[in-house]
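Take a look at the structure set out below.
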Amino acid sequence: MALMCCLSPAKAQDGSTAYSFMNITASSKIYGLGGINISLVDDDLMSADQNPALLGNEMSGQIGLNYMRYMGGSNFAGVRYAHSAGERGAWSAAINYFGYGSMKETDASGNIIGDFSPKDVSFGATYSHDITENLRGGISLKMLYSGYAEYTAFALATDLGINYYKPENDLSLSLTVANLGGQLKRFHENYNRLPIDVRLGWSQSFGNFPVRFSVTAWNLTKWHLPYVETGSGAEGDEPVIKDSFGSNLMRHLVFGADLISSDRFYIGLGYNYKTRTDMSTYSRSFLSGWSLAAGLNVSSFGVGIAFAQPHSGATTLMLNLRCSLSELL
């Protein structure tokens, strides 16, 4: 039987469903702001994977590429293109590939019978529309293919989002319902659920202070997100299940701050307490849960990079390249 489970911080300890790769953003900026952010109003078309309402006709003609070197030899890559749809709408198309490296395939007795390379592929289309001057809604449709050795599966998913943005106060409020849908073809007789989620987001800067703050609440379909704290690892140090009000609250929140003093560059810092606590059974370091992003925009081109270290044995890097075709042609 082939090994059919690829672990990630988004899945560890909380008993969440398969398809956890759907929670990995294609935006290096958002990855550097904690990995989840549905309210960041920006010119980054890659942020549409977080909230379809963040897509706008101001991004028309943009094409973006993303690549991430993830944990365990995993490599993720994708491309997205956006175009206007009239004066009040926009659409985009995207494809994302998630490859998890080479793994040993075993039979039911545990004998190694070869190697296989599990992968997931997402094909997506997004449409957004300006409902009013300050309110925008959007919808994304995604086709999901998974291939793990001789096992394959297909699924359909939908994201619904809405964003309220008041530019004079630089205030952004968002609501999304993510990953609605289900499997059309199963790996085997068991049914794997999609990670359906409800999320709320707030982003805002204050006056002339050149920093924008963001707080995103996610996993709102369930309150209890217990985790196991293993302690120092010393003899007699028993694991402890953490399920207090404070730990549950913090595991629902992602914090971010980005420097907005210039349109030419940005620096962002994020903290995801859930990522940090998910790594409590591994070799967690001081950097676990923290992430950093930086980017540069020159004329019609942009580049962004993000860094995180979920635990001491894994360093993740993400790269974005963006080009405005409408300005080049």
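Predicted model only: the values in this text are computed from it and were never measured.
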Ring geometry between Tyr19 and Phe21 (parallel below 30°, tilted from 30 to 60°, perpendicular above 60°): tilted

My understanding is that only one of Asn66, Asp44, Asn37 makes a side-chain hydrogen bond (donor to acceptor under 3.5 Å, both in side chains) with Ser27; could you say which? Asp44

Should Leu259 and Phe213 be regarded as members of a common hydrophobic cluster, given that ILVMFWY residues are connected when their side-chain heavy atoms come within less than 4.5 Å of each other, either directly or indirectly? yes

Trace of the side-chain contact (heavy atoms from CB on, under 4.5 Å) decision for Leu253 with Tyr273: CA-CA 7 Å; Leu253 301 177; Tyr273 182 74; over 6 Å; no

Could you tell me the separation between the CZ atom of Phe301 and the OG atom of Ser324, rounded to the nearest 0.5 Å? 9.0 Å

Is it true that Val41 and Trp202 fall in one hydrophobic cluster, defined by side-chain heavy atoms closer than 4.5 Å? no

Keeping the roles fixed (side chain from Asp243, backbone from Asn248), state whether a donor-acceptor pair exists under 3.5 Å. no

Sub-4.5 Å side-chain heavy-atom contact between Thr316 and Gln309: no

Any chance you could measure Leu160, atom CG, to Ser140, atom OG, to the nearest 0.5 Å? 8.5 Å

Does a side-chain heavy-atom distance below 4.5 Å link Leu144 with Gln183? no

Hey, any chance Phe76 and Tyr67 share a hydrophobic cluster, counting ILVMFWY side chains that come within less than 4.5 Å of each other, even indirectly? no

Determine yes or no for a side-chain-to-main-chain donor-acceptor pair under 3.5 angstrom, with Lys242 supplying the side chain and Glu229 the backbone. no

Please report the closest heavy-atom contact between Ile24 and Asp49, naming both atoms and the distance. O-OD2, 4.2 Å

Spacing of Leu325 atom CG and His83 atom NE2 [to the nearest 0.5 Å]: 9.5 Å

Side chain to side chain contact (heavy atoms under 4.5 Å, CB included) partners for Ala178, two or more places apart: Asp159, Arg199

Ile305 and Met318: CA distance, side-chain angles, deciding distance, side-chain contact (heavy atoms from CB on, under 4.5 Å) verdict: CA-CA 6 Å; Ile305 190 170; Met318 175 176 259; over 6 Å; no

Any ring pair (Phe, Tyr, Trp, His ring centres under 6.0 Å) pairs touching residues 247-266, not counting sequence neighbours? Trp223-His252

I need the minimum non-hydrogen distance between Ala293 and Gly32, along with the two atoms involved. CB-CA, 3.6 Å

Any idea how Tyr271 and Trp290 line up, ring-wise: parallel (<30°), tilted (30 to 60°), or perpendicular (>60°)? tilted

Is it true that a side-chain atom of Ser172 and a backbone atom of Ser203 form a donor plus acceptor pair closer than 3.5 Å? no

So Ile38 and Trp218, do their side chains get closer than 4.5 Å, heavy atoms only? no

Ring pair (Phe, Tyr, Trp, His ring centres under 6.0 Å) against Tyr191, all qualifying residues, sequence neighbours excluded: none

Exercise: identify the closest heavy-atom pair between Asp130 and Arg136: OD1-NE, 2.5 Å

For the hydrophobic clusters of this structure (ILVMFWY residues joined by side-chain heavy atoms under 4.5 Å, transitively), does one cluster hold both Ile162 and Leu220? yes

Hydrophobic cluster membership, with links at side-chain heavy-atom distances under 4.5 Å among I/L/V/M/F/W/Y: are Leu173 and Ile30 in one? no

To the nearest 0.5 Å, how far apart are CG in Leu175 and OH in Tyr164? 15.5 Å

Would you check if Lys222 and Asn219 make a side-chain contact, meaning some heavy-atom pair closer than 4.5 Å? yes

Do Asn57 and Arg88 have side-chain heavy atoms sitting under 4.5 Å apart? no

What distance do Asn23 atom CG and Gln50 atom CD have between them, rounded to the nearest 0.5 Å? 8.5 Å

As a quick check of understanding, evaluate side-chain contact (heavy atoms from CB on, under 4.5 Å) for Ile36 and Lys274, giving each step before the final call. CA-CA 11 Å; Ile36 303 288; Lys274 185 177 183 300; over 6 Å; no

Just so I know, are the side chains of Asp120 and Ser146 near enough to count as touching, which here means a heavy-atom distance under 4.5 Å? yes

Closest non-hydrogen atom pair, Ser39 against Ser174: CA-OG, 3.6 Å

Note: Ile196 and Asn179 closest approach over all heavy atoms is CG1-O, 3.0 Å

Answer yes or no: is there a donor N or O on one side and an acceptor on the other, between the side chain of Ser84 and the main chain of Ser60, under 3.5 Å? no

Any donor-acceptor N/O pair, Asn134 side chain to Tyr165 backbone, under 3.5 Å: yes

Angle between ring planes, Tyr148 versus Tyr100, binned at 30° and 60°: parallel, tilted or perpendicular? perpendicular

Start with the C-alpha gap between Ser47 and Lys29, add the side-chain angles, then the distance that decides, and say whether side chain to side chain donor-acceptor pair (under 3.5 Å) holds. CA-CA 8 Å; Ser47 63; Lys29 187 171 187 178; over 6 Å; no

Is there a side-chain contact between Leu156 and Leu141, using heavy atoms and a 4.5 Å cut-off? no

Show me the side-chain donor-acceptor pairs of residues 92-99 shorter than 3.5 Å, one per line, residues at least two apart or across chains.
{"from": "Ser92", "atom 1": "OG", "to": "Arg80", "atom 2": "NH1", "distance (Å)": "2.7"}

Transitive ILVMFWY cluster of Met59 at side-chain heavy atoms under 4.5 Å: who else is in it? Leu45, Met46, Leu55

Inter-residue atom distance Leu292.CG - Leu33.CG, 0.5 Å rounding: 9.5 Å

Can you pull the side chain to side chain donor-acceptor pair (under 3.5 Å) pairs that have at least one residue in residues 293-308, sequence neighbours excluded? Asn297-Arg322

Would Ser214 and Leu40 count as a side-chain contact (heavy atoms from CB on, under 4.5 Å) if you check the C-alpha gap in whole Å, the side-chain angles of each, and the deciding distance to 0.1 Å? CA-CA 8 Å; Ser214 297; Leu40 197 71; 4.0 Å; yes

Looking at every heavy atom in both Gly161 and Pro52, which two are closest together, and how far apart are they? N-CG, 3.7 Å

Less than 4.5 Å apart, side chain to side chain, heavy atoms only: is that true for Thr176 and Asn163? no

